[in-house]
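What follows is one structure encoded as structure tokens, with my remarks underneath.
Start at 1 with the first residue, then count along the sequence.
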Amino acid sequence: MRTITAAFFLLFFVNGIDAQSRDTRLRITPLTGAFYIFTTFNPYKGALVPANGMYLVTNDGVVMFDTPWDTTQFQPLLDSIKNRHNKNVVMCIATHFHEDRTGGLQYYAQKGIKTYTTVRTDELSKEKGMKRAEFLIQKDTVFRIGQYSFQTYFPGPGHAPDNIVVWFDKEKILYGGCLIKSANDSDLGYLGDADVKKYATTIRNVQEKCKKPKYVIPGHGNWTNTKSLDHTLQMAQQLAPKN
């Protein structure tokens, strides 16, 4: 009996460590209703930095917004979604050309998932050697998948020349990607492809388009504070050169 108990404890302990290990690489957090945030991590400037994506469970399958930053988590995310919801991912939209958004596009296309970016994102992805989508969004577009609808919106250049946001008007959910910074952030992060002159105007455009969001999902960091839009605008205003 002691041997069985010890073996069971050892198995539980090992499985617990394995689960914790997986959890540090891929985290899935319920947002509201059928919306979930997935977070993966990658090294940046000597630290592991979290990157947020989102997925939506519909009657017609799961829609993913952006791909994991950690390339080892492309398949585990699909597996986790299947295990949790017994549904397959049918569509993935990347919000700009950087690797933390587009890295899994080719992998998911090979799995039969319809992958999308804007035309501008595709041009930059081709130029920069990033992964490219199978289908291109020509302009701001309303998608209807199952019982849900949402709009892709290009508000102008900011974090990148091509950054779009995704707006769920009925649910008042704004998926901002890397254009929007967490309310906890002290700066605008990587600005190597940013338009510092237009960033503030772009954020104002988002505020005008996406009225009174209940949830604002930034590309990195905490999403529990809807003041992230105002916070991003304040930082962008300080960044813009004074005339």
Side-chain angles (χ1 to χ4, degrees), residues 35 51-69 74 88-180 192-195 197-211 213 216-219 229 232:
F35 294 82
N52 302 320
M54 186 173 78
Y55 71 82
L56 168 64
V57 183
T58 82
N59 292 338
D60 292 342
V62 175
V63 182
M64 186 187 301
F65 303 93
D66 290 324
T67 76
W69 194 6
F74 294 163
N88 296 320
V89 177
V90 296
M91 179 180 182
C92 178
I93 298 176
T95 54
H96 70 277
F97 77 94
H98 289 162
E99 186 177 14
D100 58 341
R101 308 292 123 188
T102 61
L105 289 178
Q106 181 177 323
Y107 183 90
Y108 291 136
Q110 291 172 347
K111 294 287 182 177
I113 298 168
K114 293 182 177 180
T115 56
Y116 291 80
T117 66
T118 64
V119 171
R120 182 60 175 140
T121 294
D122 187 62
E123 292 170 347
L124 288 166
S125 295
K126 182 178 180 180
E127 176 186 333
K128 305 291 186 179
M130 301 298 183
K131 304 302 183 184
R132 300 169 65 188
E134 182 181 6
F135 300 98
L136 300 183
I137 303 170
Q138 302 290 334
K139 59 182 180 179
D140 296 342
T141 302
V142 174
F143 289 86
R144 292 179 176 84
I145 311 295
Q147 69 275 42
Y148 292 93
S149 65
F150 56 87
Q151 182 175 5
T152 58
Y153 172 55
F154 173 65
H159 171 76
D162 58 323
N163 44 221
I164 63 171
V165 300
V166 183
W167 175 235
F168 295 82
D169 186 55
K170 181 180 178 181
E171 293 82 9
K172 300 300 179 186
I173 295 173
L174 172 60
Y175 180 75
C178 295
L179 174 66
I180 310 301
D193 297 305
D195 190 324
K197 294 181 179 179
K198 296 181 180 178
Y199 208 131
T201 298
T202 294
I203 296 299
R204 291 191 193 96
N205 290 340
V206 175
Q207 291 176 319
E208 181 64 26
K209 172 73 174 178
C210 308
K211 302 283 191 181
V216 180
I217 314 303
L229 259 177
T232 303

(request) Over all heavy atoms of both residues, which pair between T118 and L136 is shortest? Give the atoms and the distance, please. (result) O-CD2, 4.1 Å
(request) Could you check if a side-chain atom of R101 sits within less than 4.5 angstrom of a side-chain atom of C178, using non-hydrogen atoms only? (result) yes
(message) Could you measure the distance from the OG1 atom of T58 to the CD1 atom of I145? Nearest 0.5 Å is fine.
(response) 6.5 Å
(request) Evaluate the criterion side chain to side chain contact (heavy atoms under 4.5 Å, CB included) for residue pair Y148 and L56; output intermediate values, then yes/no. (result) CA-CA 9 Å; Y148 292 93; L56 168 64; 3.8 Å; yes
(request) Return the minimal non-hydrogen interatomic distance between L174 and P213, and the atom names on each side. (result) CB-CB, 4.3 Å
(message) Once salt bridge (charged side-chain N to carboxylate O under 4.0 Å, His left out) is applied, what residue pairs with a partner in residues 126-137 remain, sequence neighbours excluded?
(response) D122-R132
(message) For F143 and Y116, take the angle between the two ring planes, folded into 0 to 90°, and tell me which bin it lands in: parallel under 30, tilted 30 to 60, perpendicular over 60.
(response) perpendicular
(message) Suppose the criterion is side-chain hydrogen bond (donor to acceptor under 3.5 Å, both in side chains): which pairs have a residue in residues 160-173, not counting sequence neighbours?
(response) T121-D162, W167-D169, D169-K172
(message) Rounded to the nearest 0.5 Å, what separates atom OH in Y108 from atom OG1 in T115?
(response) 11.5 Å
(request) Quick one: pull up CE in M130 and CG in D100 and give me the separation to the nearest 0.5 Å. (result) 9.0 Å
(message) By the side-chain hydrogen bond (donor to acceptor under 3.5 Å, both in side chains) test, which pairs, at least two apart or in different chains, include something from residues 138-147?
(response) N59-Q147
(message) I'd like to know if the side chain of D193 pairs up with that of H96 as donor and acceptor (distance under 3.5 Å, no hydrogens or angles considered).
(response) no
(message) To check you understand the geometry: which heavy-atom pair defines the closest contact between P155 and N205, and what is its length?
(response) O-ND2, 2.8 Å
(request) Working to the nearest 0.5 Å, report the span between OG1 of T201 and CD of E208. (result) 13.0 Å
(message) Could you tell me if the side chain of T202 sits less than 4.5 Å from the side chain of D195, heavy atoms only?
(response) no
(message) For Y175 together with F150, are the ring centres under 6.0 Å from each other?
(response) no
(request) Specify the closest pair of heavy atoms between D66 and A94, including all atoms of both residues, with the distance to one decimal. (result) OD1-CA, 3.2 Å
(message) Measuring from atom NE2 of H159 to atom CD1 of I203, what distance do you get when rounded to the nearest 0.5 angstrom?
(response) 11.5 Å
(request) Over all heavy atoms of both residues, which pair between W69 and A51 is shortest? Give the atoms and the distance, please. (result) CE3-CB, 3.6 Å
(message) Ignoring hydrogens, what is the shortest heavy-atom contact between S125 and F97? Give both atom names and the distance.
(response) OG-CB, 3.6 Å
(request) Answer whether the closest heavy-atom distance between the side chains of V90 and D60 falls below 4.5 Å. (result) no
(request) Could you check whether the rings of F35 and F168 sit parallel, tilted or perpendicular, using 30° and 60° as the cut-offs? (result) perpendicular
(request) Give, for atom CD1 of I180 and atom OG1 of T232, the distance between the pair rounded to the nearest 0.5 Å. (result) 5.0 Å
